[in-house]
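Beneath this line is the structure, given in structure tokens, with notes to follow.
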Amino acid sequence: MHHLKSFLKDEEGVGVVEIILILVVLISLVLIFKNQLTSLVNSIFSKIVSQSNSV
């Protein structure tokens, strides 16, 4: 019984669970806003290319 109580009080795995949840949220946001992110990155790269030619 003592081992069960110590196992339930152990919080070392909480960090891993939090990291996994954060990754799931970030991946979900990227999938939801994929089109907007793609257009934003393309416009940024096109501005970089056009301004690098003038330098």
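Applying the side-chain contact (heavy atoms from CB on, under 4.5 Å) rule to Ile44 yields the partners Leu40, Ile48; only residues at least two apart in sequence or on another chain are considered.
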Can you give me every donor-acceptor pair (side chain of residues 28-37, partner residue at least two apart or in another chain, under 3.5 Å) with its distance?
| unit_1 | atom_1 | unit_2 | atom_2 | d |
| --- | --- | --- | --- | --- |
| Ser28 | OG | Val24 | O | 2.8 |

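Applying the 4.5 Å side-chain rule to ILVMFWY residues, one finds Leu26 in the same cluster as Ile22.
In this structure, Val25 and Leu21 have side chains that are not in contact, with every pair of non-hydrogen atoms separated by 4.5 Å or more.
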